[in-house]
There are 2 protein chains.
Amino acid sequence: MPSGKRPNMTGNGIESDMRILLVEDNEVLGNAVADHVADDGHTIDRARRLSEAADALAVAAYDLILLDLMLPDGLGIPFLRGRRARGDTTPVIILTALDQITERIDGLNAGADDYVVKPFDLAELSARIGSVARRYSGNPNPLIRVGPFEVDLAARSIRREGRPIPLTAREWVLFEAFLSRPNQVLSKAQLEERLWSFDAEVESNAIEVYVSRLRRKLDHTVIETVRGLGYKLGCP
Amino acid sequence: MPSGKRPNMTGNGIESDMRILLVEDNEVLGNAVADHVADDGHTIDRARRLSEAADALAVAAYDLILLDLMLPDGLGIPFLRGRRARGDTTPVIILTALDQITERIDGLNAGADDYVVKPFDLAELSARIGSVARRYSGNPNPLIRVGPFEVDLAARSIRREGRPIPLTAREWVLFEAFLSRPNQVLSKAQLEERLWSFDAEVESNAIEVYVSRLRRKLDHTVIETVRGLGYKLGCP
DNA sequence: TGCCGCCTGTCAGGTGGCCGTAAGGCGCGC
DNA sequence: GCGCGCCTTACGGCCACCTGACAGGCGGCA
C-alpha cells in the first residue's frame, strides 16, 4: 500500500483514489466494471489471465485486487493462497459466478477480504470497494523504511520498490530482532535467545545460515558482520 | 576471541537504551510489556493512570511513552493532544484494543507516532520501539567527539566526516582503552592487560603493532607516544 | 492415506580476514 | 658511533564466517 495515499484515507467516509487491479477474462463484464470503477475516480489496470495479474503485481503495488475465480490459465483461489503465503497482503475482493457457499468460504479462507456474486450490481461493487477501503484506512499499518525496503510489521511483510519479499517465520523473527535494536551490534547469543526462546538447544551455526538466507533475499548490505561480536543492521 | 567477558570489550557496556514510560492499568499486560521491554535493555517506568503519567513526565524526561487509551481517570487521546498542544514532542506509541479503530486514527491525528493493536506480539512491540528510536534518531546513541572523529560506543562505530572507519576487534578495544582514560598515559603493561586479559602471555611488540595500525586507520596524531612510559590520546 | 513441497536445522568445505610474530629501519639519547 | 626504544611492513597460521547441500518434519493437497 503506497504510503503517499494514506493520509487521504482518513476513514471519515472520504475515500481517496485507489489503484486497482482487475483480473477478469470476460470482456463485457470486465469493461463494465472497469468503466464504473474508473468513474468512481479510481485508477484501474486490467489483467485477463493469472499470469498477466502476476506480472502486473510484480511491477506495481495495488491498493486492491478484484479477482475472478475462473481464469483461462487457472483458478483464483490457489493463486490468492499462493500470494498470501508469500506475504502479499494486498486487499482482495473476489468476483465469482459460483454462488456456492464452499467457494465463498474457500475464498475468505484463502485470504480474500470480501466477495461479490455475479451478476452483481455495479453500485454494490462500489460499496464493497468503499468498505474495503474504509476497513484498510482504519488499519493504516505504519511502514518502516530500512534502506530501500518498506516494512509492515503488522502484516509481516517487507517490500522493495513495491515488490513483496517473502520471508519464512524464522527469517522474519531474525529481521525483527535487528529492527528492535537499530544501530546496535547483536551477538549470536542474543539472536539465538530471540529465535529459539530459552530452550535454545541449537548447537550449530544456525544463526549464520539464517543471516545468509536473509542477505540473499534482501540485500547483502542489509546485515553487517561485526567479526567476533555479532551482526548489526546495515544502513539506517 | 579470548575470554571476551570483559564488559568493555563488547562496546555494549555503554547504554544507548531508552527511558520509557509505560501508561497501562492492566496488571497482567503491563507486567508482560515491562518485563519484555526491560529485557531489551531499556529502562521502564510504570504509570497506571494519567495523573501518575503526568507526574512522572513532570519529574523526568522520557525517550518514549507507551500509552494505553483507556485509563481509570480518563482517555489517552485528550491527554496526548494536550501534551502536544503544550509543545511536548516525546514520541508516543499507542496501545489499543482491536475494536478501537476510530480511536486509533484519532490517536495518530493527535500526535502519536505509532500504535500496536492488542493483543500484540511482544517482538513486534520491540520492533516498533526500535522503529521509533530510529525515526527520532538524530542521535540515538551518545556520540563522543575526539578531534575530527565521532565515536558511537554502543554501535561500536567511529566516523570521520560521516565516513565510517572499520576497526577490528582488537583495534577497537585498544581505542576504547584510550577513550576511557583521556589525558592519561597508558603503559604497555596496562594496555596488554586490557587486550589480552590477564592470562595470555604476549611476548612480542603486539601493542606497538596495534598502535601503528590504529594510527594508519585514524590519524597519526591521535595517539601520542610518551617515550619510555607508554601512549596517550592525542587530542584533548 | 500417501505424495509432494517448503521450512528447518545440521554439517562440511572453502575462504578471507584477523592476529601474533619477526625482522629491518628509523630516531633519539648517551 | 652505539644502544635502545619505537615504527612499520610482511607473512603464515588460524579461526570466524559464508554458503551450498541434505535429511527430517510438517502441512497442504489430491
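Every chain is numbered from 1 and lettered A, B, ... according to where its sequence line falls, protein lines coming before strand lines.
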Under the salt bridge (charged side-chain N to carboxylate O under 4.0 Å, His left out) rule, collect the residues that match up with [X], sequence neighbours excluded.
{"X": "A:R216", "result": "none"}
{"X": "A:D219", "result": "A:R160"}
{"X": "A:E171", "result": "A:K217"}
{"X": "B:R213", "result": "none"}

Using the side chain to side chain contact (heavy atoms under 4.5 Å, CB included) criterion, which residues pair with [X]? Sequence neighbours excluded.
{"X": "A:H220", "result": "A:R215"}
{"X": "B:L179", "result": "B:V146, B:V151, B:L153, B:F175, B:L233"}
{"X": "A:S51", "result": "A:R49, A:D73"}
{"X": "B:T43", "result": "B:R19"}

Using a cut-off of less than 4.0 Å, is there contact between a side-chain N or O of [X] and OP1 or OP2 of [N]?
{"X": "B:T225", "N": "D:dC7", "result": "yes"}
{"X": "A:S212", "N": "D:dC18", "result": "no"}
{"X": "B:H220", "N": "D:dC6", "result": "no"}

Whole angstrom value for the distance that separates [atom2] of [N] from [atom1] of [X]:
{"X": "B:K188", "N": "C:dG20", "atom1": "NZ", "atom2": "P", "answer": "16 Å"}
{"X": "A:R215", "N": "D:dT19", "atom1": "CZ", "atom2": "C1'", "answer": "11 Å"}
{"X": "A:L214", "N": "C:dC7", "atom1": "CG", "atom2": "C1'", "answer": "14 Å"}
{"X": "B:I223", "N": "D:dC7", "atom1": "CD1", "atom2": "C1'", "answer": "13 Å"}
{"X": "A:L174", "N": "C:dG9", "atom1": "CG", "atom2": "P", "answer": "12 Å"}
{"X": "B:E192", "N": "C:dG20", "atom1": "CD", "atom2": "P", "answer": "11 Å"}
{"X": "B:Y231", "N": "D:dC6", "atom1": "OH", "atom2": "P", "answer": "6 Å"}

A:R194 and A:S180: side-chain donor and acceptor closer than 3.5 Å?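 Checked: A:R194/A:S180 side chains pair up, N/O donor to acceptor below 3.5 Å.
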If a protein heavy atom is under 4.0 Å from the base, mark B; if only from the sugar-phosphate, S; if neither, -; do that for nucleotides 14-19 of chain C going 5' to 3'. --B-SS
Listed pairs, N/O of protein and of nucleotides 26-30 of chain D, under 3.5 Å:
unit_1, atom_1, unit_2, atom_2, d
D:dC29, OP1, A:R81, NH1, 3.3

Pairs under 3.5 angstrom only: tabulate donor-acceptor contacts from the side chains of residues 20-29 of chain A to other protein residues two or more places apart or in another chain.
unit_1, atom_1, unit_2, atom_2, d
A:E24, OE1, A:K118, NZ, 3.3
A:E24, OE2, A:N26, N, 2.9
A:N26, OD1, A:V28, N, 3.0
A:N26, OD1, A:L29, N, 2.9
A:E27, OE2, A:R48, NE, 2.5

Identify each atom pair where a protein N or O and an N or O of nucleotides 11-13 of chain C are less than 3.5 Å apart, giving names and distance.
unit_1, atom_1, unit_2, atom_2, d
C:dA12, N6, A:N205, ND2, 3.0

Between the side chain of B:R156 and the main-chain N/O of A:Q184, is any donor-acceptor distance below 3.5 Å?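 Judged by distance alone, no pair lies under 3.5 Å.
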